[in-house]
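Right, one structure below, let's go through it.
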There are 2 protein chains.
Amino acid sequence: MTDITDSEIRIARRRPVTLRDVALEAGVSVATASKALNDQGRMTAETRTRIQETARRLGFRPNSLAQSLLRQRSFTVGLLTNDTYGRFSLPVMAGISDALVDNGVSVFLCNVEDDSRLGQLHVDAMLDKRVDGIIATGKRVDRHLPVDLAQLGIPVIYAFTQPDPGSIAFVSDDEQGAQLAVEHLVGLGRRRIVHVTGPDTFTVVHQRAAAYQAVLRAAGLPLYDVLMGRWSEAWGHEAVARLFGGDGPAPDAVFCGNDQIARGVIDALRERGIRVPEDVGVIGFDNWEIVASASRPPLTTVDMNLVALGREAGLTLLSLVDGKPVEPGIRKLPCRLVVRQSCGHPPPDG
Amino acid sequence: MTDITDSEIRIARRRPVTLRDVALEAGVSVATASKALNDQGRMTAETRTRIQETARRLGFRPNSLAQSLLRQRSFTVGLLTNDTYGRFSLPVMAGISDALVDNGVSVFLCNVEDDSRLGQLHVDAMLDKRVDGIIATGKRVDRHLPVDLAQLGIPVIYAFTQPDPGSIAFVSDDEQGAQLAVEHLVGLGRRRIVHVTGPDTFTVVHQRAAAYQAVLRAAGLPLYDVLMGRWSEAWGHEAVARLFGGDGPAPDAVFCGNDQIARGVIDALRERGIRVPEDVGVIGFDNWEIVASASRPPLTTVDMNLVALGREAGLTLLSLVDGKPVEPGIRKLPCRLVVRQSCGHPPPDG
DNA sequence: ACCAGATGAGAAAACCTTTTCTCATTGAAA
DNA sequence: TTTCAATGAGAAAAGGTTTTCTCATCTGGT
């Protein structure tokens, strides 16, 4: 049926008011109108205000497409990610968006999954739309997005994903984060500190494990084998069964590779009648609010400051777009400890 | 310092190759070149292929900004949300993005928080950039975004957020979802089914409660007061304490308003030595993977099909943009039950 | 040889804004 | 009265593409 009932919606696309309309209405040329509205050129104050008034009255808004075409700058950037549902790129994206919006720059959201065809599609679309730059972000720092961003001719920044050599990248400082966590436990007097973490195949697993061991060595505390498994609560349960099932002296602290493992550990300990934090301190990683604050007790954990990381990445891209030179290299941004109650150190303010 | 060392990055912005370059190289006019590349107009087959070949060799890609300016269509839409971190708009956004990318349309991501100044900023930016349409999405179906999208002159679709009167909206069918859940419990032979849900202030709380009661009435089962509280695990624990602390006959099933409450209920029941699902069946709402599959046992729950909802919204917006008429109104999309193990009905395939 | 129609290709306008250049007018100085 | 500088405002080009017109050439028919 091609009939249209009254109740159907078809958008009456009003022709947007152009500079020409303003000029006509104000009785001047478009050139003069443009200059009046941009506070440029010479004209009587009367003319200028009259034109501005007319523009306001007509609701004139300059067409960005025309401006971009002329200026060779679109005030638009592309945000490439393979982590739509995930935990990590969300705060990163929020930070990026934050930094850019304040500078009048819009963000194209491009989810490339792990599909290089989709990636190429998005990159081509962004290039066609003349984005001023691209930020790549992902769910793993040691995996590259399925796209080649090497010779695009526009600025590219990597945030929380594996960068190309010679490019500019922002990642969290996992060694420092792990150090923060373990030093916290040591500082609270824990002596037998174990580390339960994710799969062997993740670079961060090894970085954090190395920092964990370094702190223990420096403190003269005993070293334990790092337990590598999965990033899940279930693995936390399993690890507790292994660590607390034997006869030897049980650990008095567990540094977990993420909050889910930590939560599994806490639950498993409670089920064994082991008190947290009195008997065993537990510390997590990621500060995933939904997990960390639902734990009983709420989880002390390491926050990677991903929003700040994203903001940093956004601002750096803008510098690059403005033609300012930027040192290439990987910048590691510090993590921060969020103290809740799972290590026996209640927050100072409550 | 304004010196630039060799190691610094400054992007050498190559001038992109234009149609003019192609025409020059192929020895024809830009008009002919344009027609050749768009398979339009009349010319010898030889000329056409020669131009196409030249364009390919030069790596020509038409400038979208110029095309958009001319066509009055930007192949770009704006996605407004106030739920950056949240659970709901993520799958909705993924669905939208999905639907649009396949049609060559790019998406501006606009996070407006709950800040109307920010909202206006984004809407203005989108209008200036001549988006073809806008999709609004949020974290609550009964709250309006802090922006006015009423008389924009471009198509607007609401997805999982409160629509303006007379507009087009997609939401989940919460009555049907709740019905699905409660009927599942009834079908499994549960007789004393209670409902633990979120705050009184949410419309969905009342919709689901009404459906819950309707199913019980239809089945001739006893009605219990709906327990309204918070959307948290802690509330799940509290509710269990109330429901299973007294002397009367305990419930044999709990229908929870979301997965977090359900998880709290399951944990609390286990701690009381009450077996799930043998003694009590528990069912959740949202199918939030991270919560539902970490529960012990994994949670049977209602999935709102938000990805499909987003895709639907995206496709409808495209129809509208193409000038096709669409019935206004709120479309309720059906939920789906995801059976895991918390109700005593192991999935058929395992 | 002449004309009608078909064919291949280019000129120019359109989309909208910004910027540079040019020009006419005015007021003041000589 | 003539000259110079300053002033206010418009014409035109630029940015890149698409589309409509126009035009010249060619083919085939008489």
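Chain A is the first sequence line, chain B the second, and so forth, proteins listed ahead of strands; every chain is numbered from 1.
- For B:Lys35 and C:dG10, a side-chain-to-base donor-acceptor distance below 3.5 Å is present, hydrogens and geometry of angles not being considered.
- Five base pairs at each end of the helix from C:dA1-D:dT30 to C:dA30-D:dT1 define two local axes, and these are offset by 80° (rounded to 10°).
- Regarding contacts with the backbone of D:dG10, a side-chain N or O of A:Ser29 is found under 4.0 angstrom from either OP1 or OP2.
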With side-chain hydrogen bond (donor to acceptor under 3.5 Å, both in side chains) as the test, would you mind laying out the steps for B:Thr316 and B:Ser319 before giving the verdict?
CA-CA 5 Å; B:Thr316 306; B:Ser319 287; over 6 Å; no
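- The closest donor-acceptor contact from the side chain of A:Asn305 to the backbone of A:Leu333 lies at 3.5 Å or more, if one exists at all.
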Take B:Asp128 and A:Ser64 through the test side-chain hydrogen bond (donor to acceptor under 3.5 Å, both in side chains) and record every step on the way to the result.
CA-CA 5 Å; B:Asp128 289 351; A:Ser64 272; 4.9 Å; no
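- Rounded to whole Å, the distance from CZ on A:Arg15 to C1' on C:dC16 is 11 Å.
- Atom C1' of nucleotide D:dG15 and atom CG of B:Leu65 are separated by 10 Å, given to the nearest angstrom.
- Between B:Gln67 and the phosphate of D:dG16, there is no side-chain N or O to OP1/OP2 separation shorter than 4.0 Å.
- Atom-to-atom, CD of A:Gln40 to C1' of D:dG10 comes out at 17 Å; the value is rounded to the nearest Å.
- The distance from atom CZ of A:Arg130 to atom C1' of D:dT17 is 11 Å, rounded to the nearest whole Å.
- The interatomic distance linking B:Glu46 (CD) with C:dT7 (C1') rounds to 15 Å, in whole Å.
- Taking the side chain of A:Met43 as heavy atoms from C-beta on, and the options C:dA9, D:dG8, D:dT17, the nearest nucleotide is D:dG8.
- Using a 4.0 Å cut-off, no side-chain N or O of A:Thr32 falls inside it from OP1 or OP2 of D:dG8.
- A donor-acceptor contact shorter than 3.5 Å links the side chain of A:Ser89 to the backbone of A:Asp83.
- A:Thr47 comes within 4.0 angstrom of the backbone, heavy atoms only, and of no base.
- Summary of the strand contacts: B:Arg20 and A:Thr44 both lie near DNA chain D, and taking for each the nucleotide with the nearest heavy atom, the more 5' one is attributed to A:Thr44.
- For B:Gln72, whose side chain is taken as the heavy atoms from C-beta onward, the closest listed nucleotide among C:dT18, D:dT19, C:dC15 is C:dC15.
- In terms of phosphate contacts, B:Thr18 brings no side-chain nitrogen or oxygen within less than 4.0 Å of OP1 or OP2 of D:dG15.
- When rounded to the nearest whole Å, the span between CZ of A:Arg42 and P of C:dC23 equals 15 Å.
- Looking at which nucleotide of DNA chain C each of B:Ala66 and B:Arg48 is closest to, the 5′-most match is held by B:Arg48.
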Evaluate the criterion side-chain hydrogen bond (donor to acceptor under 3.5 Å, both in side chains) for residue pair B:Asn63 and B:Gln67; output intermediate values, then yes/no.
CA-CA 6 Å; B:Asn63 185 330; B:Gln67 292 180 319; over 6 Å; no
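- Rounded to whole Å, the distance from CZ on A:Phe60 to C1' on C:dT18 is 11 Å.
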CA sep, side-chain torsions, deciding dist, call: A:Arg311, A:Ile96, side chain to side chain contact (heavy atoms under 4.5 Å, CB included)
CA-CA 5 Å; A:Arg311 191 173 302 122; A:Ile96 290 170; over 6 Å; no
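- Counting only heavy atoms from C-beta on, B:Leu19 has its side chain closest to D:dT17 among D:dG10, D:dT17, C:dT17.
- Toward the 5' end of DNA chain D, the nearer of the two residues A:Arg50 and B:Leu37, judged by each one's closest nucleotide, is A:Arg50.
- Among the nucleotides D:dT18, C:dT17, C:dG8, the one closest to any side-chain atom of B:Arg71 is D:dT18.
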Could you please spell out the steps behind the side chain to side chain contact (heavy atoms under 4.5 Å, CB included) verdict for A:Val77 and A:Ile134?
CA-CA 6 Å; A:Val77 310; A:Ile134 292 181; over 6 Å; no
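- Separating the CG atom of A:Leu69 from the P atom of C:dA14 is a distance of 17 Å, rounded to the nearest angstrom.
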Check the pair B:Arg57 / B:Glu25 against salt bridge (charged side-chain N to carboxylate O under 4.0 Å, His left out), numbers first and verdict last.
CA-CA 10 Å; B:Arg57 184 159 48 78; B:Glu25 177 83 8; 3.4 Å; yes
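- Proximity of B:Asn63 to the phosphate of D:dG15: no side-chain N or O atom is located under 4.0 Å from OP1 or OP2.
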